[in-house]
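Starting off with a structure, shown below.
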Amino acid sequence: MPSGSARKKIVIFIVGPTAIGKTRLAIKLSKRIKGEIISADSMQVYKYMRILSQAPDASGKKAVRHYLTGSLDPRKEYNVALFRDKASEIIDSLGRRGIMPVVVGGSGLYVRALVDGLFPSEAADPGFRKKMYAFASRYGSAKLHRKLSAIDPRAAELIHPNDARRIIRALEIHRSAGRTMTELKKSTRGLKDKYDIRIFGLTRPRAEIYYDIEKRVDRMFDAGVIGEVKKLSGKRLSRTAKAVLGYKEIAGYLKGKCGLEAAKDEMKVNTRHFAKRQLSWFRPDKRIRWFDVSKMSEKKIIDRIMKEIK
RNA sequence: GCCGAGGUAGCUCAGUGGUAGAGCGCUGCCCUGAAAAGGCAGGCGUGGCAAGUUCGAUUCUUGCCCUCGGCA
């Protein structure tokens with residue numbers, strides 16, 4: 001602990017793969033420390049998607065104040081920068097009120113953007129992107145990649161020639177900022193400069209995660225996801241909202257493209273893939289203190305976290 | 001019981017007289033304004049079982065077992 005000058009305020013993070021129990025644990029922990037929850041989740045922000053996004057229910061939100069859940073209209077886009085701006089604002093204001101923020105989420109990028117920062121850059125330019133994607137599908141993304149090599153060789157090295165999305169974003173940044181992504185990265189600043197960041201990760205053996213995912217998908221159907229998707233499909237969903245796991249699978253079933261079981265199975269597979277990607281995102285981050293929920297009870301994990309933040 | 005088709009990767013299936021391949025799954029990785037998104041890499045195998053022909057059989061032959069369809 002730093003002595004002398006005022007101690008940095010603590011911000012707690014709870015991360016881990018989907019279906020591991022982050023939401024529940026965070027609510028219990030927050031109740032005990034009188035903290036408030038900020039959701040680092042690209043889907044739980046949306047309204048009318050509670051089942052799909054597995055957002056906390058009314059009783060959970062009643063027990064602990066939540067931010068950035070169930071509030072955004074699904075016709076609106078959401079993205080890391082928006083999240084980062086809102087979340088850091090909320091954290092600052094909680095800090096002023098002496099309330100400990102508990103950031104909960106499985107979106108690795110969102111967590112990193114908040115903790116380590118985003119480099120300053122302009123927002124997306126849809127017109128430019130549209131043109132670039134058209135170019136890529138006509139001449140191949142490798143051709144765009146060569147363009148990127150010429151202006152930002154370091155970025156080109158890090159981005160695969162097939163990864164059109166990232167190539168185009170790097171070009172877009174250079175076009176709007178007049179400086180390269182590599183250059184801009186140097187001025188990245190995040191929450192960690194101002195706060196004492198404590199990241200706790202929940203995990204468990206892979207087979208158990210997969211089993212829980214299957215059970216959870218089944219429960220989502222029992223809870224009425226199909227009805228939720230039906231209602232959503234009447235709206236003009238934003239591209240981001242549409243990407244929620246289960247939407248395209250169930251919408252496909254509703255359109256008669258596949259049977260119910262096939263839709264369910266596809267949703268399970270895609271959710272497994274998602275969990276896998278989350279794990280490989282978080283794994284290399286040495287700041288994360290991991291707890292295996294198959295070996296330790298929820299209560300014990302909370303006790304340990306409480307001890308560590310004392 | 002007879003006729004036909006077929007048994008090759010976890011699944012669906014290609015292919016070949018010189019010990020095997022694709023898609024999906026699975027595993028690992030990358031990731032900065034779409035991230036529940038996007039991208040990359042890796043074959044993980046008792047070729048149903050047994051015998052025969054052959055320098056060599058997953059491939060050809062025979063027998064057996066099993067599956068599917070049709071006829072009874």
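Chain A is the first sequence line, chain B the second, and so forth, proteins listed ahead of strands; every chain is numbered from 1.
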- Integer angstrom distance from the P of B:U12 to that of B:U54: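 Here B:U12 and B:U54 have their P atoms 37 Å from each other.
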- Message: Between B:U62 and B:A22, how many Å separate the two C1' atoms, rounded to a whole number?
- Response: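 Result for the C1' pair: 33 Å, nearest Å.
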- Query: Between B:G33, B:G38, B:C26, which nucleotide has the shortest distance from any of its atoms to the side chain of A:R166?
  - Reply: B:G38
- Classify the angle between the aromatic ring planes of A:F200 and A:F291 as parallel (below 30°), tilted (30 to 60°) or perpendicular (above 60°). parallel
- Task: Output the single nucleotide from B:A37, B:U27, B:G25 whose closest atom is nearest the side chain of A:F274.
- Result: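 For the A:F274 side chain, the nearest candidate turns out to be B:A37.
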- Between A:L171 (CG) and B:G33 (C1'), how many Å, whole number? 15 Å
- Query: Counting only Watson-Crick or G-U wobble pairs whose two distances fall under 3.5 Å, which nucleotide matches B:U67?
  - Reply: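 B:A5 - that is the nucleotide pairing with B:U67, both distances being under 3.5 Å.
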- Query: Taking atom types as they are modelled, is there a donor-acceptor pair under 3.5 Å from the base of B:A37 to the side chain of A:R165?
  - Reply: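 Yes, a donor-acceptor pair under 3.5 Å.
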- Quick one: A:H160 NE2 to B:C31 P, roughly how many Å, whole number?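 Result: 14 Å.
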- Check whether the side chain of A:Y133 and the base of B:A34 form a donor-acceptor pair under 3.5 Å. yes
- Item | Euclidean distance, atom CZ of residue A:R216 to atom P of B:A36 [Å, nearest integer] | 13 Å
- Message: So, OP1 or OP2 of B:G28: does either fall under 4.0 Å of a side-chain N or O from A:K276?
- Response: yes
- Task: Taking atom P in both B:C13 and B:U19, compute the distance separating them and give it to the nearest angstrom.
- Result: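 Approximately 26 Å lies between the P atom of B:C13 and that of B:U19.
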- Message: From the set B:A34, B:G33, B:A35, return the single nucleotide nearest to any side-chain atom of A:S121.
- Response: B:G33
- Query: On a whole-Å scale, what distance lies between the C1' atoms belonging to B:G52 and B:U59?
  - Reply: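 That atom pair is separated by 15 Å.
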- Query: Within the structure, does a side-chain N or O atom of A:R169 lie under 4.0 Å from either OP1 or OP2 of B:U32?
  - Reply: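 Result: no.
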- Message: Assess, by modelled atom type and distance only, whether the side chains of A:S107 and A:R112 contain a donor and an acceptor separated by less than 3.5 Å.
- Response: no
- Query: Can you tell me how far the CD1 atom of A:I33 sits from the NZ atom of A:K28, to the nearest 0.5 Å?
  - Reply: 15.0 Å
- Message: Base, sugar-phosphate or nothing for A:T271? Non-hydrogen atoms, less than 4.0 Å.
- Response: nothing
- Side chain of A:A124 - closest among B:U32, B:C26, B:A34: B:A34
- With A:S121 as reference, evaluate A:R169, A:R179, A:E172 under the side chain to side chain contact (heavy atoms under 4.5 Å, CB included) test and give the passing residue. A:R169
- Message: Using a distance-only criterion (donor-acceptor N/O pair, under 3.5 Å, no hydrogens), is the base of B:A37 paired with the side chain of A:R277?
- Response: yes
- Searching all strands shown, indicate the nucleotide that pairs with B:G45 (Watson-Crick or G-U wobble; both distances under 3.5 Å).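 Matched B:G45 with nothing under the 3.5 Å cut-off.
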- Note on the structure: Whole-Å distance, A:W281 CH2 to B:U27 C1', equals 20 Å
- Message: In this structure, how many angstroms lie between the P atom of B:C30 and the CZ atom of A:R154, rounded?
- Response: 14 Å
- Message: On RNA chain B, does the nearest nucleotide to A:V244 precede the nearest nucleotide to A:I159 from the 5' side, or the other way round? Give the residue.
- Response: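 The residue closer to the strand's 5' end, by nearest nucleotide, is A:I159.
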- Message: Nearest to the A:Y210 side chain among B:C31, B:C26, B:G39, which nucleotide is it?
- Response: B:C26
- Quick one: which of B:A35, B:U32, B:G28 gets closest to the side chain of A:K185?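 Closest nucleotide to the A:K185 side chain: B:U32.
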- Once you round it to whole Å, what is the distance between P of B:G28 and CZ of A:R272?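 A:R272 atom CZ is separated from B:G28 atom P by 13 Å.
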- Query: In Watson-Crick or G-U wobble terms, both distances under 3.5 Å, what is the partner of B:G17?
  - Reply: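 Across all strands, not a single nucleotide pairs with B:G17.
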- Query: Are any of A:N162's side-chain N or O atoms less than 4.0 Å away from OP1 or OP2 of B:G39?
  - Reply: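 Checking A:N162 against B:G39: no side-chain N or O falls below 4.0 Å of OP1 or OP2.
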- Item | Phosphate OP1/OP2 of B:A36: any A:T18 side-chain N/O under 4.0 Å |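 False: A:T18 side-chain N/O out of range (4.0 Å or more) of B:A36 OP1/OP2.
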- Task: Report the C-alpha separation of A:I27 and A:K61 in whole Å, then their side-chain angles, then the decisive distance to 0.1 Å, and conclude whether the side chain to side chain contact (heavy atoms under 4.5 Å, CB included) test is met.
- Result: CA-CA 8 Å; A:I27 289 170; A:K61 291 176 90 163; over 6 Å; no
- Item | Distance test, side-chain N/O of A:H273 to OP1/OP2 of B:U27, below 4.0 Å |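 For B:U27, neither OP1 nor OP2 has a side-chain N or O of A:H273 closer than 4.0 Å.
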- Among B:C26, B:G39, B:A34, which nucleotide sits nearest the side chain of A:T240?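 So the side chain of A:T240 is nearest to B:A34.
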- Measure from the side chain of A:L245, starting at C-beta and using heavy atoms only, and say which of B:U32, B:A37, B:G28 lies closest.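 That would be B:A37.
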- Task: Tell me the partner of B:C31, counting only Watson-Crick (N1-N3 plus N6-O4 or O6-N4) or G-U wobble (N1-O2 and O6-N3) with both under 3.5 Å; none if nothing fits.
- Result: none
- Task: Provide the distance between the two P atoms, one in B:C26 and one in B:C66, to the nearest whole Å.
- Result: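 After rounding to an integer number of Å, I get 34 Å for this pair.
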- Message: Under a 3.5 Å threshold, yes or no: a donor from one side chain and an acceptor from the other, between A:T180 and A:T182?
- Response: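 Short answer, no.
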- Does A:K186 make a cation-pi contact with A:F119 (under 6.0 Å, within 45 degrees of the axis)?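 Pair A:K186/A:F119 does not count as cation-pi.
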- Query: Can you tell me the Watson-Crick or wobble partner of B:U61, both distances under 3.5 angstrom?
  - Reply: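 B:U61 is paired with B:A51.
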- Tell me what A:D41 touches on the nucleic acid: a base, only sugar-phosphate, or nothing, going by heavy atoms under 4.0 Å.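 Since a base atom lies under 4.0 Å of A:D41, the category is base.
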- Message: Side-chain N or O of A:R206 versus OP1/OP2 of B:G28: is the shortest distance under 4.0 Å?
- Response: yes
- Separation of the P atoms in B:C65 and B:A14, to the nearest angstrom: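 Those two atoms are separated by 25 Å.
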- Would A:K276 count as a cation-pi partner of A:Y210, with NZ or CZ less than 6.0 Å from the six-membered ring centre and within 45° of the ring normal? no
- Message: Before you tell me yes or no, could you show the steps for A:Q44 and A:T69 under side-chain hydrogen bond (donor to acceptor under 3.5 Å, both in side chains), namely the whole-Å CA-CA distance, both residues' side-chain angles and the distance that decides it to 0.1 Å?
- Response: CA-CA 5 Å; A:Q44 291 184 6; A:T69 56; over 6 Å; no
- Query: Atom OH of A:Y78 and atom P of B:A35: how far apart are they, to the nearest Å?
  - Reply: 10 Å
- Task: Under 4.0 Å between any heavy atoms, over every strand shown, what does A:Y110 touch: base, sugar-phosphate, or nothing? Just pick one.
- Result: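 If one applies the 4.0 Å heavy-atom cut-off, A:Y110 turns out to touch the sugar-phosphate alone, with no base involved.
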- Interatomic spacing from CG in A:D265 to CD in A:E249 - rounded to 0.5 Å: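 Those atoms lie 11.0 Å apart.
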- Item | Residue A:M181, side-chain atoms from C-beta onward, closest of B:U32, B:C31, B:G39 |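 Closest nucleotide among those given: B:U32.
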- Query: How long is the line joining CG of A:L158 and C1' of B:C29, in whole Å?
  - Reply: 14 Å
- Item | Between B:G23 and B:G33 - C1' atom distance, rounded Å |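 That atom pair is separated by 34 Å.
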- Does A:R112 put a side-chain nitrogen or oxygen below 4.0 Å from OP1 or OP2 of B:U32?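 So the side-chain polar atoms of A:R112 never come under 4.0 Å of the phosphate oxygens OP1 or OP2 of B:U32.
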- Message: Taking the C1' atom in each of B:G48 and B:A57, what is the distance between them to the nearest angstrom?
- Response: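 Roughly 16 Å separates the two C1' atoms.
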- Task: Considering just the side-chain nitrogens and oxygens of A:R283, establish if one lies under 4.0 Å of OP1 or OP2 belonging to B:C29.
- Result: yes
- Between A:A243 and A:V80, which has a closest nucleotide on RNA chain B that is more 5'?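 Upstream on the strand: A:V80.
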- Closest to side chain of A:P284, choosing from B:C30, B:C31, B:A36: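 Out of B:C30, B:C31, B:A36, the nucleotide with an atom closest to A:P284's side chain is B:C30.
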- Kindly say if A:S107 contacts the phosphate of B:A36, meaning a side-chain N or O under 4.0 Å from OP1 or OP2. yes
- Searching all strands shown, indicate the nucleotide that pairs with B:G23 (Watson-Crick or G-U wobble; both distances under 3.5 Å). B:C11
